[in-house]
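Note sheet for the following structure.
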Amino acid sequence: MKRKLSELNKEEFNNFHENKIHGDALRPFAKYTMVIGDKVPSLAAHWHDEMEIIKVQKGAGSICIDDKWFSVHAGDILFVNPKIIHSFTRFKRDEMQIESIVFNLHSLESTNADSCTIKYLAPIINGQYLVTRVIRTKHPDYHVFDQNMTTIMQAYNDGIPGWEMAVKANLFWLFYHLYRLGLVHKSQKINENQEIESVQPAIDYIKENYAEEIFIHKLATLCGYSDTYFMKLFKKTTGMTCVDYINGVRLAQAANHLLATSSSIIDIALAVGYNNVSYFNRQFKSVYGMTPKEYRRQGREAAGEIRMKSVKNAHRNFNEGI
């Protein structure tokens, strides 16, 4: 029995990743035209980090999005969320011409993490929300989406000054209408890997900036969440609060410094982000069961014993070889 895409493990899922780069840093979107017919009867299953919006320009065919097949015809508009496996194939002997815009949703986010980012874009990026898959020509508001898609494609083709703004502006309008019409829904299958990936930007930031003052709001913004939801999700995925995680990274670095350097405890505390040495000492003892000074002493004694054993073994091996 053929397995469903939803049953793939992480390694199997990653095998479907499309490595193609869509657009560039200045223009994080790309337009494609493809004919599914005699020369190219199908397009293999794949996924990418970007979102894709497809319009069937001519003919008819079949499109599979996340295990669900759709028969599509000229005019139909399809939405493929980031990291969703999809494929195309011809229907019987029909030929199908499609146009699509593939774009990075992060390019629509605000650096200030405003409500547009937190409430509407981040949940789609993180896989919490899914956009409806197909809008048919008979949909009562089809003309709205058709007009937006036509403007996007026309602006891309013309390339006149300001065309990039026309593309982004119409993408915003598309999402506005999707939310207005209730065409964005909560995903029913957020898995553990997706949740971990959604807080990974915060984890990476902590590891790189543990020596600096770190604010929860900054971490939440990096992940596109409100402070409250971010703290809840972080604890769920890591098993500890964000503050405990930050302290854990700092203390691990401090432990390395204690054994590898002769720096004072005050200097080490400052180097890993603690401005109060008394608080640093308490935190260190609560985790390692001893003070930083005791940790350094025991660590060096243990290292000395290991070195002595190595020297004795070397002497014994040398003597045995004579």
Side-chain angles (χ1 to χ4, degrees), residues 9-11 14 113 118 122 126-128 190-319:
N9 61 39
K10 186 174 183 179
E11 183 178 354
N14 287 336
I118 294 173
N126 297 326
Q128 292 176 287
I190 297 294
N191 60 41
E192 184 179 348
N193 289 332
Q194 287 175 305
E195 289 181 335
I196 292 173
E197 289 177 3
S198 70
V199 298
Q200 192 62 47
I203 292 174
D204 293 339
Y205 182 87
I206 292 169
K207 290 180 178 179
E208 293 174 7
N209 300 276
Y210 63 85
E212 308 297 329
E213 189 171 8
I214 298 176
F215 298 96
I216 296 296
H217 181 68
K218 171 68 175 179
L219 300 176
T221 298
L222 287 171
C223 299
Y225 294 122
S226 67
D227 294 5
T228 302
Y229 184 80
F230 166 75
M231 289 188 291
K232 179 181 178 181
L233 183 60
F234 193 95
K235 185 172 183 180
K236 178 182 178 182
T237 55
T238 65
M240 63 183 75
T241 67
C242 192
V243 173
D244 286 341
Y245 187 89
I246 294 170
N247 282 330
V249 171
R250 287 173 170 165
L251 293 174
Q253 291 296 328
N256 290 333
H257 285 307
L258 287 167
L259 298 181
T261 74
S262 298
S263 300
S264 69
I265 291 174
I266 292 178
D267 287 342
I268 290 175
L270 293 172
V272 299
Y274 288 96
N275 295 322
N276 186 314
V277 70
S278 296
Y279 178 68
F280 166 70
N281 285 331
R282 290 197 302 271
Q283 288 292 309
F284 194 94
K285 187 172 184 179
S286 69
V287 172
Y288 290 92
M290 63 186 76
T291 66
K293 185 176 181 180
E294 292 169 336
Y295 183 87
R296 169 176 274 173
R297 178 176 56 78
Q298 291 191 18
R300 289 180 173 177
E301 288 176 354
E305 290 177 3
I306 292 174
R307 283 196 297 271
M308 287 300 297
K309 287 181 180 179
S310 297
V311 171
K312 289 179 179 178
N313 288 336
H315 279 299
R316 183 175 64 251
N317 293 337
F318 177 77
N319 292 329

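Here the structure is a predicted model, which is why all the values come from computation and not from measurement.
- The minimum heavy-atom distance between Tyr288 and Ala255, with the atom names listed, is OH-CB, 3.8 Å.
- Looking only at side-chain heavy atoms (C-beta outward), Cys223 and Phe234 stay at 4.5 Å or farther from each other.
- Rounding to the nearest 0.5 angstrom, the gap separating the CG atom in Asp227 from the OG1 atom in Thr221 is 7.0 Å.
- Less than 6.0 angstrom separates the ring centroid of Tyr274 from the ring centroid of Phe280.
- In this structure, the separation between OH on Tyr245 and NZ on Lys207 is 4.0 Å, given to the nearest 0.5 Å.
- A donor-acceptor pair under 3.5 Å is absent between the side-chain atoms of Glu208 and the main chain of Tyr205, judged by distance alone.
- When every heavy atom of Gln283 is checked against every heavy atom of Leu251, the shortest pair comes out as O-CD1, 3.7 Å.
- What you find for Ala211 and Ala271 is that their closest heavy atoms are CB-O, 3.2 Å.
- Minimum heavy-atom separation, Met290 to Phe284: O-CD2, 3.4 Å.
- Here Asn281 pairs with nothing under the side-chain hydrogen bond (donor to acceptor under 3.5 Å, both in side chains) rule; sequence neighbours left out.
- Using a 4.5 Å heavy-atom cutoff, the side chains of Lys293 and Ile265 are in contact.
- Within the 3.5 Å criterion, the main-chain N or O of Tyr279 finds a donor-acceptor partner in the side chain of Asn276.
- What you find for Glu213 and Arg250 is that their closest heavy atoms are CA-NH2, 4.3 Å.
- The two atoms that bring His257 and Arg296 nearest to each other are O-NH2, 3.9 Å, heavy atoms only.
- In this structure, the side chains of Ile246 and Leu219 come closer than 4.5 Å at one or more pairs of heavy atoms.
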